[in-house]
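Below: the structure, in structure tokens.
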Protein chains: 2
Amino acid sequence: MSGHLRVLLVEDDIDLATTVLDYLALENMSCDHAANGVAGFNLARANAYDVMLLDINMPRMNGLAMCRKLREEGVDTPVLMLTARDTLDDKVEGFRAGTDDYLVKPFAFAELIVRLQALSRRRSGQARLLTVGPLQMDLDQRQVRREGKALTLTPTGWQLLEKLMRHSPGVVSKSDLEQLLWPDSPPDSNAFKVHLYKLRMAVDKPFASALIHTVPGQGVRCGEAERDGEEAV
Amino acid sequence: MSGHLRVLLVEDDIDLATTVLDYLALENMSCDHAANGVAGFNLARANAYDVMLLDINMPRMNGLAMCRKLREEGVDTPVLMLTARDTLDDKVEGFRAGTDDYLVKPFAFAELIVRLQALSRRRSGQARLLTVGPLQMDLDQRQVRREGKALTLTPTGWQLLEKLMRHSPGVVSKSDLEQLLWPDSPPDSNAFKVHLYKLRMAVDKPFASALIHTVPGQGVRCGEAERDGEEAV
DNA sequence: AAACGGGTTAACGGCCGGTTAACGCTGGCG
DNA sequence: CGCCAGCGTTAACCGGCCGTTAACCCGTTT
């Protein structure tokens, strides 16, 4: 169920880097690698990763600075610092730079893997029962109910709804959803639109209000209707 | 800006528990406490916490089982395990139960605090916000409010405003903004001016004061009105 | 006065998103 | 063995939004 994470490793020690790459490959994770901070920064800005592994001591730009700069630019991919610095101040400094986790060298690869998975799923959720307003998805029994009534979803509809509910009330970009359905190559047709439409038919049509909303130019959101904050001043 | 987190501590060692409570109080975090797994489970299900600290060795229900049960019930609050067990297998087991982080006793309180903040930063459902004066941009729900009222932006307007708010109160050069919209080749028309104008219509027109200011010859700035004494000599 | 930087409009056209219907594959069942 | 149902895919159509463009306007500068 780890589902093919995309990882970015920024590490100047080539031996360590290749070893990590090997281990990640065993876990079915794809991993890009950069040997210095600047190269890593550019990769991180250009591609969308699920999690990043950063060394601190690196040529050209160190891991802390790189993390800080990424955060300033709005990149909020989870970051796991990999470093030999183990004093308390180092750790506090790391977290202040926007790190999510901190692992001291030398470390066990099993722990690296497991922390990495924890980081990546922290965004996608890990509960077995998802609830969004009147919608309830039971992942063990594989059934969805709205206001108590069971809904029948197609397999793809299920995939979409699960991702939407996991991110609720956040917006999920169209490209993310497409990548979910077609990991390698999104089709050139409008298949996606049709799937989404049919999901709407299943989830919203039989009821009074819609739970699936498209945010123009941004993506799709699952949640209660938008309330315009009409607060008096 | 730790902003008053609500924490649940489940720990049967009363001495340790009171010490942790004291430290959290210093950080302006409110913290409930339970001394065994069952009590903790009930608290966790009843209230909404930002993050939970669980001991593993506890009477009635251990931390791992409690975490697992919460996940089954759909509670996805971040969990930080606090335990004396430090073998690799223990850690792997902990993460498998749905833990988000794992801290081995004895630990430094500064590290506890900082990891706890990192976890809550990622709290699912908690909005990532950009705030500039009365302007508030919710990056997850992809909506912008000013004085509570929701604004409707076009996709390009959103791009511009996000960059402006990120750099606020700094000035963003016109060429930077153009490069944001057209990475390869800025158009030869005045499309940029029009986009900026429409953004102003959306952000400033319905309100008394303007938040988007052009600094002649420099670029554009997002922020409260400038006090007069600014002249650089 | 002409040139320049910036602000304000209105109109056009393409693209995005929603909606249908039809086709084809696959797996189950008689 | 053949039929049917379910599901994914595709093409086509439509409406409205939004990006683009070319105007014109203004004040300041040269």
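Fair warning: this is a prediction, and the values are worked out from it, not measured in the lab. Letters A, B, ... mirror the listed sequences (proteins, then strands); counts begin at 1.
Rounded to whole Å, the distance from CG on A/L180 to P on D/dG8 is 13 Å. Rounded to an integer number of Å, the gap from A/L196 CG to C/dG17 P is 10 Å. Rounded to an integer number of Å, the gap from CG of A/L181 to P of D/dC7 is 15 Å. Between B/W158 atom CH2 and C/dC16 atom P there is a gap of 20 Å when expressed in whole angstrom units. Remark: P of C/dG7 and CD1 of B/I212 are 11 Å apart, rounded to the nearest angstrom. Nucleotide D/dG19 holds its P atom 16 Å from the CE atom of B/M201, rounded to whole Å. In this structure, CG of A/D204 is placed 15 Å from C1' of C/dT19, rounded to the nearest angstrom. Summarising the geometry, the separation between NZ on A/K198 and P on C/dA21 is reported as 12 Å, rounded to the nearest angstrom.
Side chains of A/V220 and A/H213 form no contact here, defined as non-hydrogen atoms less than 4.5 Å apart.
Residue-level contact check: A/W182 touches the backbone only, with heavy atoms under 4.0 Å from sugar-phosphate atoms and none from bases. Counting non-hydrogen atoms under 4.0 angstrom, B/K205 reaches nothing in the nucleic acid.
The backbone N or O of A/I212 sits less than 3.5 Å from a side-chain atom of A/D204, completing a donor-acceptor pair.
No more than 12 heavy atoms of other residues, nucleotides or ligands lie within 6.0 Å of OH in A/Y23, so this atom counts as exposed by the packing criterion.
Considering only side-chain N and O atoms, A/Y197 lies nowhere under 4.0 angstrom from the phosphate OP1 or OP2 of C/dG17. Between A/T154 and D/dG6 there is no side-chain polar atom (N or O) within less than 4.0 angstrom of OP1 or OP2. Residue B/T156 places at least one side-chain N or O under 4.0 Å from the OP1 or OP2 atom of D/dG19.
A tilted orientation is assigned to the rings of A/W182 and A/H195, their planes being inclined by 30° to 60°.
Nearest to the side chain of A/K193, among D/dT20, D/dT21, C/dG18, sits C/dG18.
Remark: B/K69 is positioned above the aromatic ring of B/F41, its terminal NZ or CZ atom under 6.0 angstrom from the ring centre and at most 45 degrees off the axis.
Sequence order on DNA chain D of the closest nucleotides to A/P155 and B/N190 puts A/P155 first from the 5' end. Ranked by how close their nearest DNA chain C nucleotide is to the 5' end, A/K174 and A/V194 are led by A/K174.
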